[in-house]
Amino acid sequence: MTAADSPGLLAGSMLTLADVSKSYGTRELFRDVSLFIARTDRLGLVGPNGAGKSTLFSLILGEEKPDTGTIEWERGADFGFLPQESAPAGDESILHIATSGKKLEPDEDDWDIDYTLEPRARKILAGLGFKEGDADKPAKSFSGGWVMRAHLARLLVAEPALLLLDEPTNHLDLEALLWFQDYLTRYPGGLVVISHDRAFLNALCTGMLELRAGTLHYYHGNYDNFMQEKEARKAQQAAAFKNQQREIAHLQRFVDRFGAKASMASRAKSKEKQIERLQEVAVEEPTEELKRINFKFPQPPRSGLKVVELEHVQQAYGEHVVYRDLNFTAERGQKIVLVGPNGAGKSTLLKILAGVVPIQGGTQELGSNVFTGYFAQNRLDNLNPDLTVFENVMELRTAENQLTEQQARAILGAFLFRKDDVHKPVGVLSGGEKSRLALARLLVKPPNLLLMDEPTTHLDIPSIDALTAALKNYEGTLIFISHDVHFIRTLDAQVLHVHSGRLTPYAGNYDYYLEKSRATDARAALTAGFTDARPVQAAAAPVTAPPKAAAPAAKKPSANELRKFREHVGQLEKKVVELEAKQAEITAELEDPSTYADKGKFHHLNKELSVVVDEIAAATSAWEEAATKLAEMEAAS
């Protein structure tokens, strides 16, 4: 990568890498890397696993030294770094972690204290999903993922000149991710982020860095722009390589034909020198990146038409009722994505279908010849932590599948576990490796009912593409949860909206769901709620009702009652009209390109539209109910 290609030249460089190289033994990670980062740059860093992305961060942080080259910071520039994993938490509170990047108490003779620090930290913690009161609890009482959120809050509170983030979205649910994404659009400093989240990179990045084959390549724009430009460069390189090889072959034919003739010897020698000059500046043939998972799901045994059925299912956690009288049926070959607000019960529904959670009422019935596979959000739920990678596959050997060691190694090789990697204990695996191992286990005994909770989390983008391709050709029934809109759209899945204990099926794909729900943000719509059909919480035990007496004859309404009720219906109708006008007004603003210049305004309008959509649904329901009653009154008069 040359200086002319890199970002930040016009704005002035906050961080400069000049001709940096790094090797481990005989393995060269990268060579002669030059990079200029300005305070306004928003850069995504991508590349195959093992390309050296995290090592590049370590060099920037000063944790490692380059073999050659220099790394220089602008005077006064500071940085904040979020690793993939954090150190174990101790007795400190969540708030203490969030404010530890800034001074909370004055030093002696130092009264330059920001007294907005604590309220700001609490606000950021709330945005990242912490509930009221969580900030004062000890960090060790939270899971590792929540401690990572606290460290992320620490960086946002400190506001360093440059944020270096290594997979920051892995531990965030979608609502926290969208808040974080919006916050970063207004962040005053620079950003370099390693991420496998395509939508996140598209929303934030103004430039992309790709580490590949020891070289750092810079691309203008977001991830989609990068992919388009990368394909264009690859095509240009292929064409240049082909033309150069054609020219070399043409010159070589002349040398071979006339090199031995005295009369043509000087010209043949000239052609040989031409070949040498061309070979010195030879264009390399474009190659595919290595270390890409490549697999297909073996087609499972065919099941009956009805795959799984839930009838009158009840499920609660303590006094919190998740489902009451839930009914659901899935049929052979369907691909269904569950969407809806966090806490609505999507993961619970998957666990019920998988038989992981015993239901408290109703029935769950699998269809004929159905074999279930469950891919849990916590990958360790799918793995045996006491075994190695290889042993986790071999423990699935049965008399029916007769799995051999060679077959197990072949399956693991397809998921990038090669040579000594297969003997790694599960406890030392990264999040991506655990995801790949959990997928590999599914291939040993392929299910015909596949239930997947956030299957793309921790996978790099090429791996997500490989998983998508495998699932597109999968002939079984797939029910899954994902916040990857690209993944959902590529699978062309039907949408089942989960909210307040109710399931609302949409007879179409994700774009059909967006159209019918009138959502304007494709990603935010994954956690949107469009109804208020909340199940009754902590309901009393049912009692047997006495036999009903015959209903009295309907009373004939008076003229005055009819007039008042007509006015009431008119007011309800007017409210619906006003709300629909408000919806049209907000939609018009969102369709105005100038709105997107102010990210805060766009986010506010999006939230407001979601509220208005819910209000329209409620108002329309009230008006329809009242209009029906009015028709009955008029018929009785």
Side-chain angles (χ1 to χ4, degrees), residues 24-29 46-55 84 167 196 211-214 285-300 371 373-376 379-448 450 452 455-476 478 487:
Y24 292 109
T26 58
R27 184 185 173 216
E28 184 182 59
L29 276 183
V46 297
N49 288 333
K53 301 185 293 295
S54 294
T55 301
Q84 282 196 42
E167 294 291 353
H196 300 139
L211 257 179
R212 175 167 44 88
E285 184 178 12
T287 57
E288 292 295 327
E289 292 85 354
L290 300 176
K291 294 194 172 183
R292 180 190 295 264
I293 70 172
N294 182 24
F295 73 101
K296 293 180 180 179
F297 279 108
Q299 295 309 340
F371 304 95
Y374 175 54
F375 191 78
R379 303 298 187 247
L380 279 177
D381 290 348
N382 293 123
L383 306 174
N384 189 330
D386 299 324
L387 301 180
T388 65
V389 169
F390 180 71
E391 289 167 344
N392 259 273
V393 172
M394 284 305 296
E395 75 167 352
L396 301 177
R397 185 180 187 276
T398 65
E400 288 76 23
N401 62 38
Q402 290 292 309
L403 181 70
T404 66
E405 291 191 7
Q406 185 177 0
Q407 288 170 329
R409 285 182 174 275
I411 290 172
L412 288 169
F415 290 89
L416 309 183
F417 294 106
R418 293 165 184 158
K419 297 181 179 179
D420 290 341
D421 286 345
V422 302
H423 300 304
K424 283 183 177 180
V426 166
V428 304
L429 299 182
S430 68
E433 288 173 323
K434 288 172 186 171
S435 291
R436 287 188 270 120
L437 179 55
L439 285 172
R441 283 170 56 98
L442 288 174
L443 266 62
V444 177
K445 186 179 179 182
N448 50 25
L450 184 53
M452 310 187 86
T456 63
T457 303
H458 297 293
L459 292 178
D460 60 20
I461 292 174
S463 296
I464 292 172
D465 291 340
L467 173 61
T468 307
L471 289 174
K472 274 182 71 71
N473 295 316
Y474 173 67
E475 294 179 1
L478 171 66
F487 179 72

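- What you find for Lys419 and Arg409 is that their closest heavy atoms are O-NH1, 4.0 Å.
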**Message:** Evaluate Leu403 against Val393 for side chain to side chain contact (heavy atoms under 4.5 Å, CB included), listing each step before the verdict.
**Reply:** CA-CA 9 Å; Leu403 181 70; Val393 172; 3.9 Å; yes
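- One N or O on the side chain of Asn392 and one on the backbone of Asn384 form a donor-acceptor pair closer than 3.5 Å.
- Between the side chain of Gln407 and the backbone N or O of Val444, no donor-acceptor pair lies under 3.5 Å.
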**Message:** Pair Asp381, Tyr374 - check side chain to side chain contact (heavy atoms under 4.5 Å, CB included), show working.
**Reply:** CA-CA 9 Å; Asp381 290 348; Tyr374 175 54; 5.6 Å; no
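- Only one option out of Asn382, Leu412, Val422 pairs with Leu437 in a side-chain contact (heavy atoms from CB on, under 4.5 Å); it is Leu412.
- Looking only at distances, a side-chain donor or acceptor of Lys53 sits under 3.5 Å from a matching main-chain atom of Gly47.
- Considering all non-hydrogen atoms of both residues, Glu433 and Lys424 come closest at OE2-NZ, 2.9 Å.
- Among all heavy-atom pairs drawn from Leu416 and Arg436, the shortest one is CB-NH1, 3.3 Å.
- Around CD of Gln402, the count of heavy atoms belonging to other residues, nucleotides or ligands within 6.0 Å exceeds 12.
- Shortest non-hydrogen contact noted between Ile464 and Phe487 is CG2-CD1, 4.5 Å.
- Atom NE2 of His196 and atom OG1 of Thr457 lie 12.0 Å apart (nearest 0.5 Å).
- For Glu28 (side chain) and Gly214 (main-chain N/O), no donor-acceptor pair under 3.5 Å exists by modelled atom type.
- At distances below 3.5 Å, at least one donor-acceptor pair connects side-chain atoms of Asn448 with backbone N or O atoms of Phe371.
- To the nearest 0.5 Å, atoms OG1 (Thr55) and CG (Leu29) are separated by 5.0 Å.
- Atom NZ in Lys472 sits 12.0 Å away from atom CG in Leu478 (nearest 0.5 Å).
- With hydrogens and angles disregarded, no donor-acceptor distance shorter than 3.5 Å links the side chain of Ser435 to the backbone of Thr456.
- Glu395 and Arg441 are joined by a salt bridge, as a carboxylate oxygen and a charged side-chain nitrogen come within less than 4.0 angstrom of each other.
- Considering all non-hydrogen atoms of both residues, Ala408 and Met394 come closest at CB-SD, 3.6 Å.
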**Item:** Test side chain to side chain contact (heavy atoms under 4.5 Å, CB included) applied to Asp421 and Val389, step by step
**Value:** CA-CA 8 Å; Asp421 286 345; Val389 169; over 6 Å; no
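- The two residues Pro300 and Pro446 come nearest to each other via the heavy atoms CB-O, 3.8 Å.
- Taken to the nearest 0.5 Å, the CG atom of Asp420 stands 11.5 Å off from the OG1 atom of Thr388.
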**Prompt:** Are Met452 and Leu439 close enough, and set up right, to give a side chain to side chain contact (heavy atoms under 4.5 Å, CB included), and what steps lead you there?
**Reply:** CA-CA 10 Å; Met452 310 187 86; Leu439 285 172; 3.9 Å; yes
